[in-house]
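Keep in mind the model is a prediction, meaning the values are calculated, not measured. These values consider heavy atoms only, across backbone and side chains, with no hydrogens, waters or symmetry-generated copies.
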Amino acid sequence: TNEQADVILSIDAFEHFDDPAEILRIMRTLLKDHGCVIAAFGPTWYHPLGGHLFSPFPWAHLLFTEKSLIRWRSDFKTDGATRFGEAEGGLNQMTIAHFEELISESDFEFADFEPVPIRRMQKISNRLTREFTTAIVRCKLVPRSLGH
């Protein structure tokens, strides 16, 4: 398209993009200079179920190798995937820290950023534990200010 948008909405996608940095570049070309990206995604990689299908029980995706989980998955999926990213829907092992790094290296900056704690883990959720206690990430991205 040649049309630029005021708002781009991304729901439950950043943990699935094969190349999230490229997606951010594309989003920036499609966004007006005073527009914003509203994004929400999760669970992130270190969440108890961050492995999505590869988490038959909490943190299974962290306890077992990718190879063993792919082998287990092949018992009921026949798409030939040999890594998480090749599975239907893809899975890029997105962490909160990696997402923040992607944004810092992009043409965006955070206008708002909220790692939403898992309800039952709110009391222990803080900056040190957030990778393991965050349910979803919600944020508003705006084009990086000139001079940054």
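What you find for S10 and A13 is that their closest heavy atoms are OG-CB, 3.7 Å. A pairwise comparison of heavy atoms in E109 and S145 identifies OE2-OG, 3.0 Å as the closest pair. Shortest non-hydrogen contact noted between M27 and V37 is SD-CG1, 4.0 Å. Shortest non-hydrogen contact noted between S104 and R144 is O-NH2, 3.3 Å. For the residue pair A60 and S55, the shortest heavy atom distance occurs at CB-CA, 4.1 Å. In terms of heavy-atom proximity, L53 sits nearest to K77 at CD2-CE, 4.3 Å.
The aromatic rings of F14 and F99 sit perpendicular to each other, their planes meeting at more than 60°, with 30° as the lower class boundary. Note on ring orientation: taking the six-membered ring where Trp is involved, the planes of F57 and F64 are perpendicular (angle over 60°, cut-offs 30° and 60°).
Proximity of F113 to I96: side-chain heavy atoms (C-beta onward) are separated by under 4.5 Å at one or more points. In this structure, F84 and E66 have side chains that are in contact, with non-hydrogen atoms separated by less than 4.5 Å. The closest side-chain heavy-atom distance from T134 to P43 is not below 4.5 Å. Looking only at side-chain heavy atoms (C-beta outward), C139 and D112 stay at 4.5 Å or farther from each other. Inter-residue side-chain proximity for F108 and R28 is flagged as met; some heavy-atom pair is nearer than 4.5 Å. Inter-residue side-chain proximity for H34 and P143 is flagged as unmet; no heavy-atom pair is nearer than 4.5 Å. Inter-residue side-chain proximity for F41 and I11 is flagged as unmet; no heavy-atom pair is nearer than 4.5 Å. Looking only at side-chain heavy atoms (C-beta outward), R25 and S106 stay at 4.5 Å or farther from each other.
Both F132 and L63 belong to a common hydrophobic cluster when Ile, Leu, Val, Met, Phe, Trp and Tyr are linked at side-chain heavy-atom distances under 4.5 angstrom. Under a hydrophobic-cluster definition in which Ile, Leu, Val, Met, Phe, Trp and Tyr are linked whenever side-chain heavy atoms come within less than 4.5 Å, directly or via other members, F110 and M94 are assigned to the same cluster. L102 and L30 fall within a single hydrophobic cluster, where Ile, Leu, Val, Met, Phe, Trp and Tyr are joined by side-chain heavy atoms under 4.5 Å apart, directly or via other members. Residues I26 and I38 fall into different hydrophobic clusters, defined by Ile, Leu, Val, Met, Phe, Trp and Tyr side chains chained together at heavy-atom separations under 4.5 Å. Note on L9 and L31: separate hydrophobic clusters, where clusters join Ile, Leu, Val, Met, Phe, Trp and Tyr whose side-chain heavy atoms are under 4.5 Å apart, directly or indirectly.
Remark: D12 does not engage R138 in a salt bridge, criterion side-chain N to carboxylate O under 4.0 Å. Under 4.0 Å is where a charged nitrogen must lie from a carboxylate oxygen, and between D6 and K32 at least one such pair does.
A search for side chain to side chain contact (heavy atoms under 4.5 Å, CB included) contacts involving R120 returns nothing, not counting sequence neighbours. With sequence neighbours excluded, no residue forms a ring pair (Phe, Tyr, Trp, His ring centres under 6.0 Å) with H47. Partners of H16 according to the side chain to side chain contact (heavy atoms under 4.5 Å, CB included) rule, which considers only residues two or more places apart in sequence or in another chain, are H52, L91.
Put simply, the side chain of E114 never gets that close to the backbone of V137: no donor and acceptor are under 3.5 Å apart. In this structure, N92 contributes its side chain and F17 its backbone to a donor-acceptor pair below 3.5 Å. Checking side-chain atoms of T133 against main-chain N and O of T129 turns up a donor-acceptor pair under 3.5 Å. Between the E131 side chain and the A97 main chain, a donor and an acceptor come within less than 3.5 Å of each other. Although no hydrogens or angles enter the test, the distance criterion places no donor-acceptor pair under 3.5 Å between the side chain of S125 and the main chain of Q122.
Aromatic pair H98/W45: centroids not less than 6.0 angstrom apart.
Within 6.0 Å of the CD atom in E88, the count of heavy atoms belonging to other residues, nucleotides or ligands does not exceed 12.
At a cut-off of 3.5 Å, with distance as the only test, no side-chain donor of T44 or E15 sits close to an acceptor on the other residue.
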